[in-house]
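The next block holds one structure in the form of structure tokens; read it before the comments.
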Amino acid sequence: MTRYWLMKSEPSECAIDDAMAAPQRTVAWTGVRNYQARNFMRDAMQVGDGVLFYHSSCCEPGIAGIARIASATRSDPTQFEPQSPYFDAASKPEAPRWLLLEVQAERKTRLLPLAELRADAALAGLVLLRRGNRLSITPVDSAHWARICLLLQVPTAH
DNA sequence: GCCAACGTTGGC
DNA sequence: GCCAACGTTGGC
């Protein structure tokens with residue numbers, strides 16, 4: 001079972017600083033609208049799993065912090081909010097299509113840029129780096145997790 | 001703004 | 001179930 005994940009967040013919506021400033025440093029991970037990512041949350045992600053907090057769609061894409069999964073999944077309320085960009089008219093409250101879980105920030109790190117990840121031979125095979133990858137949640141194996149912790153100079157045991 | 005790559009939709 | 005058209009992601 002995978003124990004480590006990389007989760008993308010647009011810093012304009014929720015940056016690592018926002019997560020660190022939230023109550024209990026915990027944020028609800030709203031807005032996942034991809035079935036594969038949803039299924040990771042529903043079927044594989046467990047409380048306590050390590051998370052690489054990744055900034056995407058911004059001027060400096062890269063890993064910005066370490067977090068952990070802090071809850072099981074529940075219905076994502078934004079799917080039922082017509083004014084939300086994440087509104088899904090086809091989803092019914094009695095059968096919610098989209099889920100969220102809570103993510104607790106552990107620490108902010110230096111920004112580890114995408115280019116540095118790509119340049120590191122030890123990170124070959126990281127799902128994030130696969131050609132054409134767009135998934136907002138990807139698994140990270142323990143060797144890659146350890147390597148990234150080393151690059152960030154943080155303890156592997158988070 | 002470009003565009004490659006991928007996901008979703010909908011007609012058949 | 002196929003697949004063309006369209007929409008989205010996300011780095012550059």
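Chain naming here is simple, since letters A, B, ... match the order of the sequence lines and numbering starts at 1 in each.
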Taking the basic N atoms (NZ, or NE/NH1/NH2) and the acidic carboxylate oxygens, is any pair closer than 4.0 Å for A/Asp76 and A/Arg97? no

Give, ordered by number, those residues of residues 80-90 of chain A having at least one heavy-atom distance below 4.0 Å to an atom of DNA chain C; if nothing qualifies, reply none. none

Separation of B/dC6 atom P from A/Arg130 atom CZ, nearest Å, is 11 Å

Mind checking what makes side-chain contact (heavy atoms from CB on, under 4.5 Å) contact with A/Val47, not counting sequence neighbours? A/Arg68

Please list, chain by chain and in numerical order, all residues satisfying side-chain contact (heavy atoms from CB on, under 4.5 Å) with A/Thr73, sequence neighbours excluded. A/Met41, A/Leu99, A/Leu101

Nearest-angstrom distance from the residue atom CG of A/Asn34 to P of B/dT9: 12 Å

Applying side-chain hydrogen bond (donor to acceptor under 3.5 Å, both in side chains) to A/Glu60 and not counting sequence neighbours gives none

Nearest-neighbour nucleotide for the A/Arg134 side chain, C/dG11, C/dT8, B/dT8 considered: C/dT8

Sorted by chain and number, sequence neighbours left out, side-chain contact (heavy atoms from CB on, under 4.5 Å) with A/Ser56 holds for A/Lys8, A/Glu10, A/Tyr54

Checking contacts here: which listed nucleotide (C/dG10, C/dT8, C/dG11) is nearest the side-chain heavy atoms of A/Leu114? C/dG11

Can you measure A/His55 atom NE2 to C/dG11 atom P for me and round it to whole angstrom units? 12 Å

From CG of A/Leu135 over to P of B/dT8, roughly how many Å is that when rounded to an integer? 10 Å

Could you check which of B/dG7, C/dG10, C/dC12 has an atom nearest any side-chain atom of A/Lys8? C/dG10

N/O donor to acceptor pairs below 3.5 angstrom from side-chain atoms of residues 14-27 of chain A, sequence neighbours left out:
| unit_1 | atom_1 | unit_2 | atom_2 | d |
| --- | --- | --- | --- | --- |
| A/Asp17 | OD1 | A/Lys108 | NZ | 3.0 |
| A/Asp17 | OD2 | A/Lys108 | NZ | 3.3 |
| A/Asp18 | OD2 | A/Ala15 | N | 2.8 |
| A/Arg25 | NE | A/Ala105 | O | 3.3 |
| A/Thr26 | OG1 | A/Gln24 | O | 2.7 |

